[in-house]
Amino acid sequence: MVQAIVFLPLLGAILAGIISLVGAHARNPSGDTVEHHDDAHGDAHASAAHDDHGDDHGHDDHHVSEPPASGSRLAELITTGLLFVSAALSWITLVDVGFMHNDARVVLLPWINSGDLQVAWTLRVDTLTAVMLVVVNTVSALVHLYSIGYMDEDPNRPRFFGYLSLFTFAMLMLVTSDNLVQMFFGWEGVGLASYLLIGFWYQKPSANAAAIKAFVVNRVGDFGFALGIFSIFALVGSTDFDTIFHAAPGLTGKTIDFFGWHPDALTLTCLLLFMGAMGKSAQFLLHTWLPDAMEGPTPVSALIHAATMVTAGVFMVARLSPLFELSPTAQAVVMFFGATTAFFAATIGLVQNDIKRIVAYSTCSQLGYMFVAMGAGAYSVGMFHLFTHAFFKALLFLGSGSVIYAMHHEQDIRNMGGLWRKIPYTFTVMCIGTLALTGFPLFAGYFSKDAIIEAAFASHNPFGVYAYLLTIAAAGLTSFYSWRLIFKTFFGEPHDQKHYDAAHESPIWMLVPIGVLAAGSILAGLPFKELFASPHGVEEFFRESVKMNPHILEDMENMPSWLAPLPTVMMLLGLFVSYMFYIRRPYLPVELANQQPMLYQFLLNKWYFDELYDFIFVRPAKWLGYQLWKKGDGFVIDGFGPDGVSARVLDITRNVVKLQTGYLYHYAFAMLIGAAGLITWFMFGLGGQ
């Protein structure tokens, strides 16, 4: 069964790729494919501009410069159908593995056999994997279905659906890996697929820049991840998980030679591995790529933020929990960065105006929460939030896509308003997603996020109090900016009357997936709380798939009772302030921004990280590259090398050519000089003897 779950998306990607190539050739048999899109509307490539003519989708066609590729509908149905089959099998696997305890390890074929390095393609299915299979395939299947409606007028749909399925396959390869090399293959695969999807509209310079930025920033983290894999192999002699976990207790107290420095082997290894997680999961300092990833189509944002890519780092730390549990220093670092990210990203979300960017910073913040749980040793609690977050975050992104679709591809919430009357279904599901995100009682996020805050308090981590205070503060900020999005978008007076008048609900392809995700945003919480966050349930459900801190769950249950409602109080406070700012007294935010212009600009410009990195890294790198190109390569190497040698040869030959004049008396004179020279030499040379 697991083979089908993993390889059906790959089959869909291959078939969609073939259809895309055939369609491209049919459109332009000469092979010179030239694509043009109207860039005027930001996210407007997904479909043509809306009008109010009352047709089925509300489009007019004058923005579409190319006919859809032949076989577009076939590619959509094949990839979506295969994903739904894979998703259904994933739920069956979760029941089979989690409750029936039928863990599986399927060896597919040998891969690398070189000395001590023996790596085989092996699919490992335990409870941790089964949870990820459900998350990845469920969200991906719904994103595929949603994309049929959202991308309905893009001429390159087969290519898009091929990329989506490839993305899903790479993530499945990562979560079913049985060794670090196979995990690294999936790790790099999701990086490649994210690059292709973020830059899908490659005619837009901003999309290309965002794709490159995501790729380069992730390379920084991946460098650390690769070094971590090397160090594990150096210490253990294997990349196989079971071998590593068996050998891990024997590594405590050992040091490793790192350029003459002898740090603790486990701590250094875990920190290098976590560096990879920081890049992939957009943690503080390596977070800058994630908001720019909004340049891709909205369904891509939902897939990256909810199920693939950014969850890979959280999964990796959970998978390697037997190593992290043996290194308290590494756990402290994980918790510090998690808590800092949770708060930092929430502060930026307060003032953003792009509907997708607000949700993007929310993702960044929620990933910080997950790492706080990992740092506390409550790995199942972190996975619980990953599980619930997948539903409500995909819902918020796809709901935002529905708003953008209704509003003629307008993404600035300042230009919206009053939309609840026009798109009541989208409004309802967006409210459900927001209630789940902010941790409203009985919604999914309430159970998982509050459990993480309790885990931070109960942990004996040096940064436990720091993480507790920052996650509590972030809960209030999250509530404020989440409701700000709802109030600015759906309430008040319309700010763009033309687009407001033309606004209408999205096609059924888009409404069904967000309805399913809305149900998941409620049902993913309470029914699963026992399995993810209670001592007996975790031991029975997860078993050996994660190595939990043995006391953390009991300590969470023994917290002071007066602290338990604090996250809910902060959530209600954020809701109240947001209501006052954007419904009751909408002049207050403007006054506050005018009173605190430096703070407002600081948050609006994302703590100036992009500018800082540009100054510290980008400009010096560009300057160095330019100097090496012009001075090093051009002046030194070319000047003294090929160009210099060829120039000297030409100079010599030009001068030699000048000796050949063609005049007889010149040659006679030269002969006379030569003869005189010879006679002189004979006379004096022989005479000397």
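- F337 and F284 have tilted rings, their planes meeting at an angle from 30° to 60° on a 0 to 90° scale.
- Side-chain N or O atoms of T129 include none that pairs as donor or acceptor with a backbone N or O of V125 at under 3.5 Å.
- The aromatic rings of F392 and H385 sit tilted, their planes meeting at an angle between 30° and 60°.
- A donor-acceptor contact shorter than 3.5 Å links the side chain of K356 to the backbone of M294.
- In this structure, E544 places its CD atom where only 12 or fewer heavy-atom neighbours from other residues, nucleotides or ligands lie under 6.0 Å away.
- Cation-pi geometry between K449 and Y369 is met: the NZ or CZ atom falls under 6.0 Å from the ring centre, inside 45° of the normal.
- For T138 (side chain) and V135 (main-chain N/O), no donor-acceptor pair under 3.5 Å exists by modelled atom type.
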May I have the step-by-step check of ring-ring contact (aromatic ring centres under 6.0 Å, His included) for F84 and H144, ending in yes or no?
CA-CA 9 Å; F84 270 95; H144 274 72; 8.7 Å; no

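- Under a 3.5 Å cut-off, the side chain of T267 and the backbone N or O of D264 do not form any donor-acceptor pair.
- Cation-pi geometry between R219 and F223 is not met: the NZ or CZ atom fails to fall both under 6.0 Å from the ring centre and inside 45° of the normal.
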Intermediate values then yes/no, side-chain hydrogen bond (donor to acceptor under 3.5 Å, both in side chains), E454 and Y468:
CA-CA 8 Å; E454 289 169 11; Y468 179 74; over 6 Å; no

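- Checking side-chain atoms of S281 against main-chain N and O of G313 turns up a donor-acceptor pair under 3.5 Å.
- Side-chain N or O atoms of T438 include none that pairs as donor or acceptor with a backbone N or O of S479 at under 3.5 Å.
- At distances below 3.5 Å, not a single donor-acceptor pair connects side-chain atoms of T168 with backbone N or O atoms of P9.
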Side chain to side chain contact (heavy atoms under 4.5 Å, CB included) for F371 and F274? Distances and angles first, verdict last.
CA-CA 10 Å; F371 280 112; F274 178 62; 3.7 Å; yes

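- Checking side-chain atoms of Q118 against main-chain N and O of G115 turns up a donor-acceptor pair under 3.5 Å.
- Under 3.5 Å, the side chains of K529 and S534 contain no donor-acceptor pair of N or O atoms.
- The number of heavy atoms from other shown groups lying within 6.0 Å of NE2 (H246) does not exceed 12.
- For the salt bridge (Lys or Arg N to Asp or Glu O under 4.0 Å) criterion with R124, the lone passing option out of D240, D103, D178 is D178.
- Shown here is E557, whose CD atom has more than 12 heavy atoms of other residues, nucleotides or ligands within 6.0 Å.
- Formation of a donor-acceptor pair under 3.5 Å by the D292 side chain with backbone atoms of A214 is not found in this model.
- In terms of heavy-atom proximity, A120 sits nearest to V107 at CB-CG1, 4.4 Å.
- With no hydrogens or angles considered, no side-chain donor-acceptor pair links T127 and H101 at under 3.5 Å.
- Using a 3.5 Å distance cut-off with no hydrogens or angles, the side chains of N137 and S90 do pair a donor with an acceptor.
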I would like to know whether M548 and S321 meet side chain to side chain contact (heavy atoms under 4.5 Å, CB included); could you show each step before the answer?
CA-CA 7 Å; M548 294 284 288; S321 54; over 6 Å; no

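- Considering every non-hydrogen atom in both A13 and L166, the closest pair reads CB-N, 3.6 Å.
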Please test L11 against I78 for side chain to side chain contact (heavy atoms under 4.5 Å, CB included), starting from the C-alpha separation and ending with a verdict.
CA-CA 9 Å; L11 176 63; I78 288 173; over 6 Å; no

Given the rule in the ring-ring contact (aromatic ring centres under 6.0 Å, His included) test, do F391 and F387 qualify, once you have shown the distances and angles that lead to the verdict?
CA-CA 7 Å; F391 291 98; F387 181 73; 5.5 Å; yes

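- No donor-acceptor distance shorter than 3.5 angstrom exists from the side chain of R319 to the backbone of V317, with no hydrogens or angles considered.
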Applying ring-ring contact (aromatic ring centres under 6.0 Å, His included) to F528 and F384, what does each step give before you reach the verdict?
CA-CA 8 Å; F528 293 91; F384 188 22; 7.6 Å; no

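- Between V538 and A533 the shortest heavy-atom distance is CG2-N, 3.8 Å.
- F245 and F241 have parallel rings, their planes meeting at less than 30° on a 0 to 90° scale where 60° marks the start of perpendicular.
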Using side chain to side chain contact (heavy atoms under 4.5 Å, CB included), reason through F324 and K547 one step at a time and then give a plain yes or no.
CA-CA 9 Å; F324 281 86; K547 175 81 171 167; over 6 Å; no

